[in-house]
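As structure tokens, the structure follows; a few thoughts come after it.
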Amino acid sequence: MEPQEAAVEGTTLSQYLLNVARERVNSLEGEVRHSVPDTLFAKRGGQDGVLDLVTLLQSIKLAIKSVGSLVRSAGIPGSGVTVPQERGKEGDIANGSRLLCQELNAHANQIWINALLYSQRSCVLVSEELPDPVIVQEDMQGKYAVVFDPLTGLSDPPAQNMGAIFGIFRQLSGGNPGIVDVMQPARNLVAAGYALYGACTVLMFSAGYGAQQFVLDTSLNEFILTEPNVTLPYSGAIYSINEGYAAEYDSETQEMLKCLKAEPAMDGRSRTCRYIGSMVADIHRTFKKGGIFMYPPHQRGFPNGRLKLLYEAGPMAYLVSQAGGQASTGTEHIIDIVPDSIHTRVPVFLGSEDDVNFATGFYNKKAPWGRSDQDPMFMLRRTLSREEKKRELPKSNTPRASDVVDDGIIAFHIG
Ligand code: FDP
């Protein structure tokens, strides 16, 4: 049985992880155990190695549940997170809300660090909240390097569309763990996910066998699998970008936005814009409805874009690839970029294949369509290409993880 076949709606996250782990061990034992480079679970140590990753993921699950409940109760007197009165300016709601977010952020970071340290399965931790990596002390070390943003989407009032993002790499170096263990492209991730603290807590997750969506059942306090094979639509009508920066985007971005709005989506629907300002929430909608999420460079403080490669754009690019979408900086696949520092920022264009190809065509002369203002054949070639793609699309429009292997997207996991 393929691991993704073990993904049945209603399964708990713990059961799902054990199913995938068991299938992985069985396939290693049955076939070509010695020639398969095992990056998903441990290379040596068989069952123990598999359980190491499962244990680490259980700790991450605990961190997500703890932060989720803090987010929901933040600000209520007596809850874990409140703003000390002397710090908020009396009557200044905006300031109070900002301080509350800062408090929440600090708590969330500590919860993640504690959960990962006490799992005893990690060796290097990189958090968006800390300037330097944490190297886990020797007697608590495991084999995995974990990168994470414990709480993102802090510009809005607390409890609205906040989320967390994480990625797990296998330790690269054989010896002492160090920064080198996280300087890997997202393609090397062994698992990644995001949590969205919305009306319910949603976990989007992948361990290299497609993307799965889990929802926290509060009566059981357990994540339940609700979508075993999350698939991004090939094209969508929604574009998501902060248009407040329109004048500060470069000329390619401005031109791309103009054309995007002028042209209907592939199915003929007019385009519509949605921007929450929390990447987890904006990307979650993109997973569900298709379209494109963008954070391009702009001259109001973020000349390389705002989002961080290692623990924001990278894990999201990995998830989106697993769900049949694309993620680009405009000129490069995000999944292939090796970070040059732990807090490197990159431009992000992520979502449905058709829409990402369209947007990135404006930055990359080698991309299929070139720039509209320089290329009179622009619209014609785009239309022809889309017509071809429409004919190619299977009825269900849902590529399975096994199809994706052929594209080399998850082939790196299975040798
Ligand atoms: P935030 O700083 O509010 O935590 O991670 C950065 C981020 O959120 C993203 O979640 C979000 O998409 C982006 O900032 C919003 O930036 P703008 O306000 O510049 O649009």
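All ligand and atom numbering here is 1-based and tracks the order in the structure.
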[X] versus ligand 1: do any nitrogen or oxygen atoms come within less than 3.5 Å of each other?
X: L307; result: no
X: D149; result: no
X: L154; result: yes
X: D282; result: no
X: H298; result: no

- Message: Pairing donors with acceptors under 3.5 angstrom, does anything connect the side chains of T55 and Q58?
- Response: no

- Query: Any side-chain donor paired with an acceptor under 3.5 Å for D354 and S352?
  - Reply: no

Using a 4.0 Å heavy-atom cut-off, say whether [X] meets ligand 1 through its side chain, its backbone, both or neither.
X: T152; result: both
X: R306; result: side chain
X: E312; result: side chain

- Give, for atom CG of L17 and atom CZ of F223, the distance between the pair rounded to the nearest 0.5 Å. 11.0 Å

- Query: Ion pair present between D52 and K143, side-chain N to carboxylate O less than 4.0 angstrom?
  - Reply: yes

- Message: Salt bridge or not between R345 and E312? Use side-chain N to carboxylate O under 4.0 Å.
- Response: no

- Task: Examine ligand 1 and decide if any of its atoms is less than 4.0 Å from a heavy atom belonging to F302.
- Result: no

Could you check [atom] against the protein and tell me its nearest heavy-atom contact, residue, atom and distance included?
atom: atom 4 (O) of ligand 1; value: G153 N, 2.9 Å
atom: atom 3 (O) of ligand 1; value: S155 OG, 2.6 Å
atom: atom 9 (C) of ligand 1; value: M279 N, 3.6 Å
atom: atom 20 (O) of ligand 1; value: Y275 OH, 2.5 Å

- Worked check of ring pair (Phe, Tyr, Trp, His ring centres under 6.0 Å) between Y239 and Y275: CA-CA 8 Å; Y239 70 97; Y275 188 74; over 10 Å; no

- Task: With heavy atoms of G277 as the reference, note each atom of ligand 1 found under 4.0 Å away.
- Result: 11 (C), 12 (O), 13 (C), 15 (C)

- Item | Minimum heavy-atom distance between I135 and P177, given as atom pair plus value | CG2-O, 3.9 Å

- Item | D336, CG: over 12 other non-hydrogen atoms inside 6.0 angstrom | yes

- Task: Take atom NZ of K288 as the centre, draw a 6.0 Å sphere, and report whether it contains more than 12 heavy atoms from other residues, nucleotides or ligands.
- Result: yes

